[in-house]
Amino acid sequence: MTSAEPVGLRRDPKSSSRATLLELFFDVFYVAAFAQLSMELAEHSTWSGLGQGLVLLLAVWWTWSVTAIVTEFYDPRLRVIQGVVASAMFGVALMAVAVPSAYEGRGLLFASAYVGLHLVRGALLVGALRPRRAHAREERFLFWFVISGVLWLAGGFVDPAWRTGLWAGALAVDYVATALRHPTPGLGRVPLDQFNQLSVHFGERYQQIAILALGELTLMATLTFANATYTPARAAVFLIAIAIALLFWQIYVLQSNTLVDRSAHWRPRQAVRLAPYVYAGVVTGVIATSAGVDLVLHEPLGPTTPTSWVALIVGGPVLFVLGRMSSEYVLLGQLPRSRVGWLVLLLGLTPVLSAQAPIVVLVVTMGVLFGITLTDARRNRHH
């Protein structure tokens, strides 16, 4: 940590766009969290299991997005900001450990880690910002995290049958309050002009977490295939999984530099407010795809049952592409009809795919992603 505090708390938008080493180290903790979530979705692939897994995934994602905003708004060289990031590491690690039994005996551990992470961050920032109230927005954040925290902790104490509803309600509070700019009694909402200053660092941070999520897809496919009995079908599934990861990457990097520049210099307000929601779709799509690949690697030629398997194998890529399209629409005003057409085709084939072997579903999904990359390349050449 630094030996002296820099002058001022705000991050200089002209400072280096590179993430600090502590930020990169922080991201590493999400490798374990994403892997646990992927395995949880694959292991509990019923509709109710997918719903429970989605709640956990969105909670883990929110911890990253809120911490990323902190290191964007405030100078990450400050000891208090480094303390926020370091304390968040402990919270994320505990959440990752609790994921497999979050709806059993470790529900309170998951909830306590989530709530504690946000409360510690809020307390540290409120204390640091109190002499500089012109920059203070953290009181509003802390107020709403206390409200959602009650629901999180209550869910940890009650019977697991009630846990999903309470935690989903808590997530709704977190996501909706942020979308409404945290309206707080006596303080009002976070002023819009506080979202007008953004650096290239912000877009770079989101690119880094997206690439890390893609790394989780390849990591889990490799580990699952390495530990499974070898068959030609499983070998084919593994190669398809790597191809899907590369296609995801190709879809993601198209115009990525333009999007980062536009978010920092042209539409910072839209970028900083919408990025947590848009990338929730991107990251969820990758983790769902990873879980789907896990299922196909175990049963490549059996029946695609239950139908929730198709939701993972097909729905993951659909979510990923929709998330990326949302960024392009918000920041560039583009909504490629070719991508929409490919997604409609894939979703239209879903009833037919449900009657096919899992490996067939995966091949068709890969084919649609390949089609998207071809039409993207053609569209890019014309521009």
Side-chain angles (χ1 to χ4, degrees), residues 29-61 92-111 113-114 155-156 159-165 167-168 171 213-229 231 233-234 237-238 240-241 244-245 280 283-320 353-354 357-359 361-362 365:
F29 283 75
Y30 285 85
V31 174
F34 289 165
Q36 291 279 50
L37 290 163
S38 173
M39 290 187 290
E40 182 70 10
L41 288 173
E43 185 175 348
H44 301 92
S45 56
T46 63
W47 287 111
S48 61
L50 295 186
Q52 292 176 346
L54 180 62
V55 168
L56 301 180
L57 196 164
L58 292 177
V60 170
W61 167 248
V92 174
L94 290 172
M95 290 171 70
V97 167
V99 162
S101 301
Y103 290 96
E104 297 171 359
R106 293 185 177 177
L108 186 58
L109 175 60
F110 184 89
Y114 180 86
D159 185 276
W162 295 91
R163 192 165 292 167
T164 304
W167 283 358
L171 268 182
L214 289 176
E216 187 278 336
L217 170 57
T218 59
L219 171 66
M220 294 306 297
T222 301
L223 292 178
T224 302
F225 179 52
N227 290 287
T229 302
T231 66
R234 286 195 175 108
V237 170
F238 173 71
I240 293 168
I244 287 175
V283 172
T284 299
V286 175
I287 295 174
T289 302
S290 179
V293 167
D294 184 278
L295 293 173
V296 181
L297 277 168
H298 281 100
E299 295 289 343
L301 300 176
T304 307
T305 54
T307 54
S308 53
W309 283 31
V310 179
L312 286 173
I313 302 169
V314 172
V318 169
L319 273 177
F320 177 86
L353 294 176
S354 299
I359 191 173
V361 182
L362 197 65
T365 302

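Between the side chain of Tyr114 and the backbone N or O of Ala59 there is no donor-acceptor pair closer than 3.5 Å. Proximity of a side-chain donor or acceptor of Ser38 to a complementary backbone N or O of Phe34 within less than 3.5 Å is not detected. Side-chain atoms of Thr231 come within 3.5 Å of backbone atoms of Arg234 as a donor-acceptor pair (strictly under, hydrogens ignored). A donor-acceptor contact shorter than 3.5 Å is absent between the side chain of Arg106 and the backbone of Val99. Without hydrogens or angle criteria, Arg163 side chain to Ala102 main chain gives a donor-acceptor distance under 3.5 Å.
Here CG of Leu312 is found 5.0 Å from CG of Leu50. Values are rounded to the nearest 0.5 Å. One finds the CG atom of Leu297 at 11.0 Å from the CG atom of Leu223 (value rounded to the nearest 0.5 Å). With rounding to the nearest 0.5 angstrom, the CG atom of Leu353 is 10.5 Å from the CG atom of Leu362. Note that the CG atom of Leu57 and the CD1 atom of Ile287 stand 4.0 Å from one another [nearest 0.5 Å].
In this structure, Ile313 and Leu295 have side chains that are not in contact, with every pair of non-hydrogen atoms separated by 4.5 Å or more. For the pair Thr164/Tyr103, a side-chain contact is recorded, criterion being any heavy-atom separation below 4.5 Å from C-beta on. Pro100 has its side chain within reach of Gln36: a pair of non-hydrogen atoms, C-beta onward, lies under 4.5 Å apart.
Shown here for Val361 and Thr365, the closest heavy-atom pair between the two residues is O-OG1, 2.8 Å. Residue Trp167 comes nearest to Gly156 through the heavy atom pair NE1-N, 3.7 Å, listed as atom of the first residue, atom of the second, then distance. Taking both residues in full, the closest heavy atoms of Ala288 and Leu41 are given as CA-CD1, 4.3 Å, listed atom of the first, atom of the second, then distance. Pairing each heavy atom of Ala233 with each of Ile359, the nearest pair is O-CD1, 3.9 Å. Between Gly302 and Pro358, the shortest heavy-atom contact is O-CD, 2.6 Å. The minimum heavy-atom distance linking Ala213 with Val286 is given by the pair O-CG1, 3.2 Å.
For Ser48, the side-chain contact (heavy atoms from CB on, under 4.5 Å) test picks out Thr46, with sequence neighbours left out. The side chain to side chain donor-acceptor pair (under 3.5 Å) check on Thr224 picks up Asp294, with sequence neighbours excluded. Qualifying side chain to side chain donor-acceptor pair (under 3.5 Å) partners for Ser101, counting only residues two or more places apart in sequence or in other chains: none. Legend: residues meeting side chain to side chain donor-acceptor pair (under 3.5 Å) with Thr222, ordered by chain and number and at least two apart, are absent.
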Donor-acceptor pairs are to be reported for all side-chain atoms of residues 214-221 against protein atoms at under 3.5 Å, with residues two or more places apart or in another chain.
residue: Glu216; atom: OE1; partner: Ser290; partner atom: OG; Å: 3.4
residue: Glu216; atom: OE2; partner: Ser290; partner atom: OG; Å: 3.3
residue: Thr218; atom: OG1; partner: Gly215; partner atom: O; Å: 2.8

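Screening residues 299-320 for ring pair (Phe, Tyr, Trp, His ring centres under 6.0 Å) gives Phe248-Phe320 as the qualifying pairs, with residues at least two apart or on separate chains.
Ring geometry for Phe225 versus Phe238: interplanar angle under 30°, hence parallel rather than tilted (30 to 60°).
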TODO: Evaluate side chain to side chain contact (heavy atoms under 4.5 Å, CB included) for Tyr30 paired with Val283, printing each intermediate quantity in order.
DONE: CA-CA 11 Å; Tyr30 285 85; Val283 172; over 6 Å; no

